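Please read all numbers here as calculations on a predicted model, not as lab measurements.
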There are 2 protein chains.
Amino acid sequence: MGPRTERRQQHGEESRRRILDATVEIAAERGYEGTSIALVSERSGLPRSSIYWHFRDKDDLLAAVIERSYHLWRERLIAAGSARTPDLDRAGALREITAAIAASLLDQPEFLRLGMMLTLERRPVEAKARELFVGIRNEVLAFATREFQTMLADVSAAEREAVARKLAAFMLAAADGLFLAYQLAPDTFDLLGQFELLAIVVDAAWDRLTV
Amino acid sequence: MGPRTERRQQHGEESRRRILDATVEIAAERGYEGTSIALVSERSGLPRSSIYWHFRDKDDLLAAVIERSYHLWRERLIAAGSARTPDLDRAGALREITAAIAASLLDQPEFLRLGMMLTLERRPVEAKARELFVGIRNEVLAFATREFQTMLADVSAAEREAVARKLAAFMLAAADGLFLAYQLAPDTFDLLGQFELLAIVVDAAWDRLTV
DNA sequence: TCCTGACTGTACCAATCGTTCCATTCCGAC
DNA sequence: GTCGGAATGGAACGATTGGTACAGTCAGGA
């Protein structure tokens, strides 16, 4: 890998990035079937043939978009969640977590938008992109479950995992729902306030499930 | 309207129903753009021209589908929610409500599936179908808010409406999220258990918001 | 028997779909 | 300058898209 390939790759990567930028924008607006290669070409300024040079086919392109938007969202979430106040009580910790999720979703909404669309769109030939999202989603759920388990020190080991899993699944699903409601009416839906309520609600459920 | 028109209308209504049946099935699977007239024709067994005889265009067809699936779901929800146990405490009442919602969604999932897809799909030319769903959704929210207000007798009138609206918005959004998670993994997601948890959670939030 | 209006069947339209092909351009290495 | 691979440009492909036009079928009323 001399400097030659580096420069060439820089040029190629730049085009690839522009294609992905255009695609994520379109796909988050119009779903899988609504994302046409012609529109991607038009909005990225690159010819159709370039798209097929960088990606095998449409399915491959959409999968790449999911992957990249996931990583962008994940970085944003980690950035928002890293500044944790030490020695916080459970309610406070939950409030910080939900605030971080809300911030990451406001900043990088494309990943979840796209993932939800792929969740709902059940085409006969299952798209690679959908499978990718399902896998990522399961990882996130497993991560949240582990986090909750460490916060459940006072519960017997037997029921700890079950409670943690149930709470994590609920919290993730509820966060999805709040995001969706926000997509429906961004001007009137109080996303941040609802995420605060989510923290309160999970905290309360904690008591009721473990007593 | 003599017997002649009746018979003819019966025939026509039958065709119209078959078209709507096929469309709702396809649209709930593939979204707006994925719903092609050719596929609707094939699955309903009626020629394309009949579809255009019954509906002005694709947009009109989709709007009709939304409307009918909403009414079907609504009937199912009312049926599930009408058998309310008298003199139940708040927690019990909430559990009955969430159970009714869960049952209606399991029985008539198409309405919410379709509505969510239209919520996420933001095409430049806003479809009539989407506006219809937004309107229905606002009605449901208003209804839930009113119901909650009557259950908030112990709260001062000033904050009663605000609290009821916030709780109703949260409950609806969370229900959407649970439904979505179930769509993602119907085999592993415990929809009924999660809806029970939703009842518990809203009951707990009630105390914390009104104290 | 003929008329009428609801519905069906066929053919057609321009536009767009995803994809392929291939000639051309670009640019660093030699 | 020449070579080679990365990348672009443009044309073309067969299939499918939503939509229109129109003739034909059918049943019931006059």
Side-chain angles (χ1 to χ4, degrees), chain A residues 1-23 26-27 29-65 121 123-129, chain B residues 1-23 26-27 29-65 121 123-129:
Chain A
M1 275 199 245
R4 114 184 115 133
T5 31
E6 272 173 32
R7 281 234 192 127
R8 282 199 206 145
Q9 272 185 358
Q10 271 176 17
H11 197 4
E13 283 303 309
E14 159 78 13
S15 294
R16 193 188 147 93
R17 213 207 33 159
R18 275 166 62 192
I19 293 168
L20 286 174
D21 284 344
T23 307
I26 297 164
E29 270 176 10
R30 307 165 79 121
Y32 190 99
E33 313 242 14
T35 305
S36 77
I37 303 295
L39 194 53
V40 171
S41 160
E42 186 187 310
R43 215 176 285 190
S44 67
L46 277 91
R48 276 172 288 233
S49 57
S50 290
I51 297 171
Y52 282 94
W53 196 90
H54 287 282
F55 304 94
R56 198 184 327 111
D57 53 22
K58 185 177 166 176
D59 206 36
D60 189 43
L61 171 61
L62 267 291
V65 160
E121 287 181 17
R123 136 189 29 266
V125 181
E126 281 293 303
K128 275 194 313 182
Chain B
M1 276 200 243
R4 110 187 118 132
T5 32
E6 271 172 34
R7 281 234 193 125
R8 283 197 208 145
Q9 273 185 358
Q10 270 176 18
H11 197 1
E13 284 303 310
E14 160 77 13
S15 294
R16 192 189 148 94
R17 213 205 30 143
R18 276 167 61 192
I19 292 168
L20 286 174
D21 284 344
T23 307
I26 297 164
E29 271 175 9
R30 306 165 80 121
Y32 190 98
E33 313 242 14
T35 304
S36 77
I37 303 295
L39 194 52
V40 171
S41 160
E42 185 187 309
R43 215 176 286 191
S44 68
L46 282 115
R48 278 180 288 257
S49 59
S50 291
I51 298 171
Y52 282 97
W53 195 89
H54 286 283
F55 305 94
R56 198 182 329 112
D57 52 23
K58 185 176 167 176
D59 204 35
D60 189 44
L61 170 61
L62 266 292
V65 160
E121 286 182 18
R123 137 186 31 267
V125 182
E126 282 293 305
K128 274 195 311 182

Is the shortest side-chain heavy-atom distance between B/Tyr32 and A/Glu33 below 4.5 Å? no
In whole angstrom, give the distance that lies between atom CD of A/Glu42 and atom P of C/dG18. 13 Å
Would you say a side-chain N or O of A/His54 is under 4.0 Å from OP1 or OP2 of D/dT8? yes
Figure out the CZ/C1' separation between B/Phe55 and D/dT20, and round it to whole Å. 18 Å
Between A/Asp60 (CG) and C/dG18 (P), how many Å, whole number? 15 Å
If you define the side chain from C-beta out and look only at heavy atoms, does anything of B/Leu61 sit under 4.5 Å from B/Leu20? yes
On DNA chain C, more 5' by nearest nucleotide between A/Ala38 and A/Arg56 is A/Ala38
In whole angstroms, how far is the C1' atom of C/dC7 from the CD1 atom of B/Ile51? 13 Å
Between the side chain of B/Asp60 and the main-chain N/O of B/Phe55, is any donor-acceptor distance below 3.5 Å? no
Could you work out which one of C/dC17, C/dT19, D/dG18 sits closest to the side chain of B/Ser36? D/dG18
So, OP1 or OP2 of D/dT8: does either fall under 4.0 Å of a side-chain N or O from A/Ser50? yes
Among the nucleotides D/dT17, D/dG9, C/dT19, whichever has the atom closest to the side chain of A/Pro47 is D/dG9
Out of C/dC17, C/dT10, C/dT20, which nucleotide sits closest to the side chain of B/Ser49? C/dT10
Can you tell me the distance, in whole Å, between the OH atom of A/Tyr32 and the P atom of C/dG18? 9 Å
To the nearest Å, how far apart are A/Trp53 CH2 and C/dA23 P? 19 Å
Considering only side-chain heavy atoms of A/Ile37, which listed nucleotide, C/dG18, C/dT8, D/dG18, is closest? C/dG18
When all nucleic acid strands are considered with a 4.0 Å heavy-atom cut-off, which category describes B/Ser41: base, sugar-phosphate, or nothing? nothing
Separation of atom NZ in B/Lys58 from atom P in D/dG19, rounded to whole Å: 8 Å
Side chain to side chain contact (heavy atoms under 4.5 Å, CB included) between B/Leu39 and B/Arg30, worked out: CA-CA 11 Å; B/Leu39 194 52; B/Arg30 306 165 80 121; 3.9 Å; yes
Flag yes if more than 12 heavy atoms outside B/Arg18 fall under 6.0 Å of its CZ atom; otherwise flag no. yes
Taking atom P of D/dT17 as reference, at what distance in whole Å does atom CZ of B/Arg48 sit? 9 Å
